[in-house]
Amino acid sequence: MVIGTTTIGPLIGEPQESTIMSVIQPRYATDITVADVNAAILFLHPWLESELDTRNGTPGARFADALDVLVHDAATRIRLQLDHVASRPDVLSEADRLNHLTAVRDDWNLIAAALRPWRHVPGFDRARFRPVRHLSAAHEVEDPGRGAVNRTA
């Protein structure tokens, strides 16, 4: 399957243990990568797909469809934000860069919250699929209480 410009493997059959495990644990918004987003989609997709395939038209299938749309929309926004920041590092003001990082953090935390119900199943990458509290290490030092997230994976 191709997401964006990255090939991440097939999504066929039963949900299975992810072959893409985190190398670096995302701690800040600056740590979130397209690979993290793709791994989250790869992990969640089979679970939602199985619900859609077996219970088409049921409330559970509609819920799975809605969750799929929300997660994919958040993933798309993250990819666009990361691409925008990477393509224009010298043009963005510090305020614009912080706004982009805030958007990445917020959308990543939405994805992490969507994945949370599956935190006890094989393939869930606890180190990777967790909310991030701060935009960067510097942001954490400036104000350790800012950007706090109430729930962790």
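Any value given below was found using the heavy atoms of this structure, including those in side chains, with hydrogens, waters and symmetry copies removed.
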Say you draw a straight line from [atom1] of [X] to [atom2] of [Y]; how long is it, rounded to the nearest 0.5 Å?
X	Y	atom1	atom2	value
F129	L115	CZ	CG	6.0 Å
L82	T33	CG	OG1	8.0 Å
L48	H72	CG	NE2	8.5 Å
D83	R88	CG	CZ	10.5 Å
E94	L98	CD	CG	4.5 Å
Y28	H139	OH	NE2	11.0 Å

[X] versus [Y], closest heavy-atom pair with distance:
X	Y	result
F43	F124	CE1-N, 3.5 Å
Q81	V104	CB-CG2, 3.6 Å
I111	A74	CG1-CB, 3.9 Å
P131	A112	N-CB, 3.7 Å
D36	I32	OD2-CA, 3.5 Å
A114	V71	CB-CG2, 3.6 Å

[X] vs [Y] side-chain heavy atoms within contact, under 4.5 Å:
X	Y	result
R126	R119	yes
R105	L135	yes
H134	R27	no
V132	D31	no

Report whether V121 and I41 are members of the same hydrophobic cluster (ILVMFWY, side-chain heavy atoms less than 4.5 Å apart, transitive linking).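 In one cluster with V121: I41, yes.
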In terms of hydrophobic clusters joined by side-chain contacts under 4.5 Å, are V34 and L44 together?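 Yes, V34 and L44 fall within the same hydrophobic cluster.
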Using a 3.5 Å distance criterion without hydrogens, assess whether the side chain of N109 forms a donor-acceptor pair with backbone atoms of D106.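 Pair absent, no side-chain N/O of N109 close to backbone of D106.
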Under 3.5 Å: donor-acceptor pair, side chain of W108, backbone of A103: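 Not a single qualifying donor-acceptor pair exists.
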How about T102 and N99: does a side-chain donor come under 3.5 Å of a side-chain acceptor?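 There is no such pair between these side chains.
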